[in-house]
Amino acid sequence: MTFNTVALQAVDVQALPDAGAASTEALADGASAAAHPTLVGQDLDILQLVLHASWPVQAVMILLIIASLASWFIIFRKKRQLDRARAELEQFEERFWSGVDLSKLYANASERNREVAGLEAIFEAGFREFNRMRSRRGVDSRLQLEGAQRAMRATATRELDELEGNLEFLANVGSISPYVGLFGTVWGIMISFQGLASVKEATIATVAPGISEALIATAMGLFAAIPAVWAYNRYATRAERIANRYDAFSEEFSSILQRQAGLED
């Protein structure tokens with residue numbers, strides 16, 4: 001009986017270190033999970049990464065979010081503006097080439113309490129200047145035509161400036177946002193590696209949270225830049241096409257005014 005009791009005690013004594021090691025590993029895992037809650041499980045919690053980032057990285061993220069929201073506002077607003085300009089252009093061209101009398105078309109464009117824009121504004125400015133110059137005595141016919149052309153060019157420039165407004169902001173967001181995000185990433189990685197100085201043994205679990213937080217800044221920079229670049233290229237092309245149609249109309253209308261002024265070769 002005494003021998004069996006001693007043997008059982010020996011077995012119990014050998015089992016204690018394993019239980020203690022398992023308990024120590026469990027405590028270490030629990031401490032690691034508590035220190036880095038974003039590493040628990042396989043899901044990536046973007047919100048937790050943002051909230052646990054250092055304040056310079058958070059400032060970069062906030063700046064990128066503001067730039068992204070502003071660019072999306074401009075994108076939707078510019079789309080409506082360009083769609084309306086193209087629709088007005090096509091409607092006025094249809095009326096202009098339908099054979100309607102130019103005086104009636106001008107009277108309709110110059111009505112009070114009515115705002116004209118786009119191609120109609122170019123026509124109204126040119127025809128108004130042509131009539132004003134023609135009403136003066138002793139004014140050469142060529143000067144009448146040149147005055148109408150100058151008025152149309154000035155109005156077309158104002159209309160195009162309105163269409164191209166805020167496109168520069170989209171270009172800036174598209175070109176600068178990746179670098180701003182990269183700055184946040186570099187700063188976050190630098191902070192992560194500085195934190196390794198106080199750690200005796202560096203592991204992937206120690207470095208991963210800080211690097212993940214830093215890389216979110218790069219992702220946000222790309223999220224802000226890609227739509228802005230796409231919208232800038234698309235809207236700049238659409239504005240250029242409208243500008244070409246303005247120029248074509250001005251040339252054709254100048255030919256009509258030239259015939260009215262008796263300047264045909």
Side-chain angles (χ1 to χ4, degrees), residues 46 60-100 102 104-129 148-181 218-254:
I46 303 297
V60 168
M61 292 178 182
I62 292 173
L63 179 63
L64 291 174
I65 290 174
I66 294 174
S68 179
L69 292 176
S71 63
W72 277 108
F73 174 78
I74 293 174
I75 287 171
F76 289 118
R77 181 175 178 271
K78 189 60 61 178
K79 182 181 184 303
R80 291 194 301 267
Q81 185 180 16
L82 290 172
D83 289 343
R84 184 176 63 252
R86 182 176 180 179
E88 291 176 348
L89 185 150
E90 292 177 351
Q91 291 175 2
F92 182 78
E93 277 189 337
E94 184 178 356
R95 283 185 293 153
F96 183 84
W97 297 113
S98 64
V100 65
L102 295 182
K104 293 182 179 179
L105 198 60
Y106 171 73
N108 185 34
S110 58
E111 289 179 355
R112 291 184 178 180
N113 301 326
R114 183 174 183 271
E115 295 183 359
V116 293
L119 204 59
E120 189 174 11
I122 295 173
F123 163 78
E124 191 270 339
F127 201 71
R128 182 182 65 249
E129 184 65 18
Q149 290 174 342
R150 286 195 300 269
M152 287 190 291
R153 283 195 299 267
T155 305
T157 301
R158 288 194 298 269
E159 294 296 324
L160 290 176
D161 287 342
E162 184 69 20
L163 291 179
E164 294 175 352
N166 296 323
L167 288 182
E168 181 181 358
F169 180 82
L170 293 179
N172 290 332
V173 171
S175 59
I176 296 175
S177 293
Y179 296 103
V180 175
T218 299
M220 286 187 174
L222 295 176
F223 179 79
I226 292 174
V229 172
W230 173 84
Y232 172 78
N233 292 331
R234 178 173 175 79
Y235 294 158
T237 301
R238 293 184 62 183
E240 184 178 0
R241 290 175 181 173
I242 293 175
N244 292 334
R245 296 183 69 173
Y246 285 172
D247 292 338
F249 173 81
S250 298
E251 292 294 331
E252 294 169 346
F253 186 47
S254 296

Using the rule given for side chain to side chain contact (heavy atoms under 4.5 Å, CB included), can you reason through Glu88 versus Arg84, listing the C-alpha separation, both sets of side-chain angles and the distance that settles it, and then say yes or no?
CA-CA 6 Å; Glu88 291 176 348; Arg84 184 176 63 252; 3.6 Å; yes

Step through the shown structure and confirm whether more than 12 heavy atoms of other residues, nucleotides or ligands are within 6.0 Å of CD on Glu240.
no

State, with a plain yes or no, whether a side-chain heavy atom of Glu252 is found less than 4.5 Å away from one of Trp97.
yes

Between Lys78 and Gly165, which heavy-atom pair has the shortest distance, and what is it?
NZ-O, 2.6 Å

Residues Ala239 and Glu164: closest non-hydrogen pair is CB-CG, 4.0 Å

So Met220 and Ile62, do their side chains get closer than 4.5 Å, heavy atoms only?
no

Do the side chain of Lys79 and the main chain of Tyr235 share a donor and acceptor less than 3.5 angstrom apart?
no

Sub-4.5 Å side-chain heavy-atom contact between Glu162 and Gln81
yes

For Tyr232, does the OH atom have more than 12 heavy-atom neighbours from other residues, nucleotides or ligands under 6.0 Å away?
no

Starting at CG of Asn108, measure out to CD of Glu124 and round the result to the nearest 0.5 Å.
11.0 Å

Please report the closest heavy-atom contact between Val229 and Gly174, naming both atoms and the distance.
CG2-CA, 3.4 Å

Quick check against the 3.5 Å criterion: does Asn172 have a side-chain atom that pairs as donor or acceptor with the backbone of Glu168?
yes

Closest heavy-atom pair and its distance - Gly181, Leu64:
CA-CD1, 3.9 Å

From Ile122 atom CD1 to Leu89 atom CG, the distance as rounded to the nearest 0.5 Å
8.0 Å

Looking at Tyr106, I want to see if its OH is surrounded by more than 12 non-hydrogen atoms of other residues, nucleotides or ligands under 6.0 Å.
yes

For Ala224 versus Val173, what's the shortest heavy-atom pair and its separation?
O-CG1, 3.6 Å

Checking Thr155 side chain against Met152 main chain: does a donor-acceptor pair fall under 3.5 Å?
no

Stepwise side chain to side chain contact (heavy atoms under 4.5 Å, CB included) check, Phe92 with Leu105:
CA-CA 10 Å; Phe92 182 78; Leu105 198 60; 3.8 Å; yes

Determine the interplanar angle of the Phe127 and Phe253 rings, folded into 0 to 90°, and report it as parallel if under 30°, tilted if 30 to 60°, perpendicular if over 60°.
tilted

Is the Phe96 ring parallel, tilted or perpendicular to the Phe249 ring (thresholds 30°, 60°)?
perpendicular

Is any NZ, NE, NH1 or NH2 atom of the basic residue among Glu90 and Arg86 found under 4.0 Å from an Asp or Glu carboxylate oxygen of the other?
yes

Run Glu93 and Leu119 through side chain to side chain contact (heavy atoms under 4.5 Å, CB included) and show every step you take.
CA-CA 8 Å; Glu93 277 189 337; Leu119 204 59; 3.4 Å; yes

Would you give the length of the straight line joining atom CH2 of Trp72 to atom CG of Leu170, rounded to the nearest 0.5 angstrom?
10.5 Å

So how far is it from Arg238 CZ to Leu163 CG, rounded to the nearest 0.5 Å?
10.0 Å

Keeping Ser98 on the side-chain end and Arg95 on the backbone end, is there a donor-acceptor pair under 3.5 Å?
yes

If you measure from CZ on Phe223 to OG on Ser71, what distance do you get to the nearest 0.5 Å?
8.5 Å

For the residue pair Ala151 and Glu129, what are the closest heavy atoms and their distance?
CB-CB, 3.8 Å

